[in-house]
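Below is one structure, written out as structure tokens, with a few remarks after it.
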Amino acid sequence: MCGIVGIVSKQSVAQVIYDALLVLQHRGQDSAGIVVCDDYKLKLRKDNGQVNDVFRTRHMRDLIGNMGIGHVRYPTAGCSSSAEAQPFYVNSPYGITLAHNGNLTNVENLKDELYQSDLRHINTFSDSEVLLNVLAHELQTSGGLNLTADEIFTAVAETHRRIEGAYAVVAMITGKGIVGFRDPAGIRPIVYGKRVTEKGTEFMLASESVALQASGFDLVADLKPGEAIFIDMQGNLHIKQCAKQATLSPCIFEYVYLARPDSIIDDIYVYKARLRMGIKLGRKILREMPNHDIDVVIPIPDTSRPSAMELAYHLGVKFREGFIKNRYIGRTFIMPGQQMRKRSVRRKLNPIDIEFKGKNVLLVDDSIVRGTTSQQIIQMAREAGASKVYIASAAPPVRYPNVYGIDMPASEELVAHNRNETEIAEYIGADRLFYQDIDDLIDAVQKGNRSIKEFDCSCFNGQYVTKTIDDEYLAKVRHIRNDSAKQNDDENATVVGMELHNNA
């Protein structure tokens, strides 16, 4: 999960990209980057850290240009080294920079192809650099000196043919324009919008509609699966379907957790979808526990709040804010490394004792992945004086790894792996546990757009929509997703980064 932005404007774009990245900070807090194009000259700033940390006034002053792209990252493929920060750049052909949200699932084969057939070298662990070089090779093959929109779309079509997995991409071609495209299943989101100024019409691409809204752009549409958009330097917009057999199957976890509640993804209001999740979950609790003794419903901030409010209303019990969140601690789900996540829980949340003392409390979370966070929060509720602690998840049990750009751990590290609900409740210390049924989750999201016939629910049901995921690939995922492997990757990347710096 990352956030991407691209703008073609009639005026300097760096501040607009910066503001959009701030709005998309929830999608990645490991690194941030902006590159702008001033005529044929590129200016790039990227580093580890959040947007406010990476960009200072002196950096913004140097980022002068009327076209640019930006990125916020959290590590899924690769590691958390600054060498992995995006956008990536390759000088041939034209000079191309690229930012990517998602995960390629055939990256090892692509690396071999790039080296043996395309004669291109990959310098990092990132699949985004691989994607950039595939696109660059196809542009070099199909394009001429005066690159046309049709030549760009031909290159994108060939890129689709070669790569597999989930990807939403913005790429800037120096002196030409910005191209964006989405994978043939539409797993990862990307939208575009426009605004009309005194100087002319400007266009913006972003991971979520909220970034457009915050920057004064009107949402036009989501890119369709397999669709590409090209905005040239003159502000002309070109759109073409570039992938064969494209079928919209968006990631349902975007609606559960990843996206901001004020975003609209594929014509579905995320906030409304989360309200409906709460209704469905409340009805299930009433079926399973009609004579419940729940005194109060308390959300685990922030994502679960809409679901918890509707759940409380349908149970007929009080809704209360029982935890105060430290706004200066990032989202624990996307922090690299289990030890960092565990340390951050008590720094992030502080209970209001009066809301717990002597009460039977139902905690509501958006999902339960590893279970360690839930353990600590339940313990905090008991320490605050709760008589009983129930917990409800707005999502079904997470039993399978996500391979499309969400950093879920190996199957063995998932709390629901080889455990039933009673065993999970015992493991996390809850008196009782309620999970959303998968059919109810799908219906809650799908109600916003009935034209969507399929969602990627792979982390819940193990069914991968790209149809190319096999046991061998999942075994590789298990090998690289455990925390000890990630720690080793980070240490190795730090050494590589130091060598690159010393040799620069």
Side-chain angles (χ1 to χ4, degrees), residues 1-3 21-32 47-54 72-76 79-82 256-258 260-261 296-308 320-357 361-386 389 391-395 398 406-409 413-415 427-430 482-484 486-487 490-491 494:
M1 180 183 71
C2 299
L21 292 181
L22 282 177
V23 174
L24 295 175
Q25 187 75 85
H26 63 285
R27 299 189 69 87
Q29 52 199 45
D30 182 68
S31 66
D47 203 351
N48 270 13
Q50 297 188 20
V51 177
N52 279 330
D53 301 318
V54 172
V72 287
R73 175 182 185 263
Y74 96 120
T76 50
C79 58
S80 59
S81 163
S82 60
V256 171
Y257 173 81
L258 300 182
R260 272 182 47 150
V296 63
V297 172
I298 293 177
I300 298 173
D302 281 318
T303 319
S304 67
R305 189 172 285 115
S307 298
R320 290 289 185 270
E321 296 285 353
F323 292 102
I324 299 301
K325 180 180 177 181
N326 183 342
R327 303 283 176 185
Y328 301 98
I329 300 292
R331 300 179 98 180
T332 52
F333 179 88
I334 64 174
M335 286 182 176
Q338 179 65 3
Q339 290 303 315
M340 185 180 295
R341 286 187 292 269
K342 289 176 70 173
R343 287 197 303 269
S344 294
V345 174
R346 286 182 178 265
R347 298 174 186 170
K348 178 180 178 180
L349 298 176
N350 191 58
I352 303 173
D353 292 1
I354 195 171
E355 297 297 346
F356 293 91
K357 193 170 183 178
V361 176
L362 174 63
L363 303 178
V364 181
D365 208 348
D366 53 80
S367 59
I368 301 172
V369 181
R370 297 168 179 86
T372 50
T373 298
S374 300
Q375 278 181 330
Q376 294 184 68
I377 291 172
I378 290 169
Q379 181 60 34
M380 290 165 65
R382 295 196 186 281
E383 291 170 0
V389 182
I391 188 167
S393 168
V398 177
I406 305 176
D407 188 27
M408 289 182 179
E413 295 176 355
L414 297 167
V415 69
Y427 178 84
I428 63 178
N482 65 76
D483 281 322
S484 60
K486 288 178 184 176
Q487 183 176 351
D490 285 346
E491 291 171 352
T494 299

Report summary line: Nearest heavy-atom contact between Ser393 and Ser367 is OG-CA, 3.4 Å
Query - Test log, rule side chain to side chain contact (heavy atoms under 4.5 Å, CB included), inputs Val389 and Arg382 - result: CA-CA 7 Å; Val389 182; Arg382 295 196 186 281; 3.8 Å; yes
Query raised in the report: Which heavy atom in Arg370 sits nearest to a heavy atom in Asp407, and how many Å separate them?
Result: NH2-O, 3.5 Å
Query raised in the report: Can you name the closest pair of heavy atoms from Glu355 and Glu321 and give their distance?
Result: CG-O, 3.9 Å
Report task. Could you go through the side chain to side chain contact (heavy atoms under 4.5 Å, CB included) check for Val369 and Leu414 one step at a time? Result -> CA-CA 6 Å; Val369 181; Leu414 297 167; 3.6 Å; yes
Report task. Using atom types as modelled and distance alone, determine if a side-chain donor or acceptor of Tyr257 lies under 3.5 Å from a backbone N or O of Ala395. Result -> no
Report summary line: CG (Leu363) and OG (Ser374) are apart, to the nearest 0.5 Å, by 9.0 Å
Query raised in the report: Is there a side-chain contact between Leu22 and Asn52, using heavy atoms and a 4.5 Å cut-off?
Result: yes
Report task. Could you give me the CA-CA distance, side-chain angles and deciding distance for Leu24 and Val51, then say whether side chain to side chain contact (heavy atoms under 4.5 Å, CB included) is met? Result -> CA-CA 10 Å; Leu24 295 175; Val51 177; over 6 Å; no
Query raised in the report: Side-chain contact, heavy-atom cut-off 4.5 Å: Asp30 with Asn48?
Result: yes
Query - CD-CD distance between Gln376 and Gln379, expressed to the nearest 0.5 angstrom - result: 9.5 Å
Query raised in the report: Rounded to the nearest 0.5 Å, what separation is found between the CE atom of Met380 and the CG atom of Asp353?
Result: 10.0 Å
Query raised in the report: Just how far is it from atom CG of Asp365 to atom CD1 of Ile377, taken to the nearest 0.5 Å?
Result: 6.0 Å
Query raised in the report: Do you know the tightest heavy-atom contact between Thr303 and Val256?
Result: CG2-O, 3.4 Å
Query raised in the report: Is there a side chain to side chain contact (heavy atoms under 4.5 Å, CB included) between Phe323 and Lys348 once you walk through the steps?
Result: CA-CA 9 Å; Phe323 292 102; Lys348 178 180 178 180; over 6 Å; no
Query raised in the report: For Ile352, does the CD1 atom sit with more than 12 other heavy atoms under 6.0 Å from it, leaving out its own atoms?
Result: yes
Query raised in the report: In Å and rounded to the nearest 0.5 Å, what is the CZ to CZ distance from Arg27 to Arg260?
Result: 11.5 Å
Query raised in the report: Between Gln375 (side chain) and Ile378 (backbone), is there a donor-acceptor pair under 3.5 Å?
Result: no
Query raised in the report: Could you give the distance from CZ (Phe356) to CZ (Arg320), rounded to the nearest 0.5 Å?
Result: 12.5 Å
Query raised in the report: Looking only at heavy atoms, which two atoms of Ala32 and Val72 are closest? And how far apart?
Result: CB-CG1, 4.1 Å
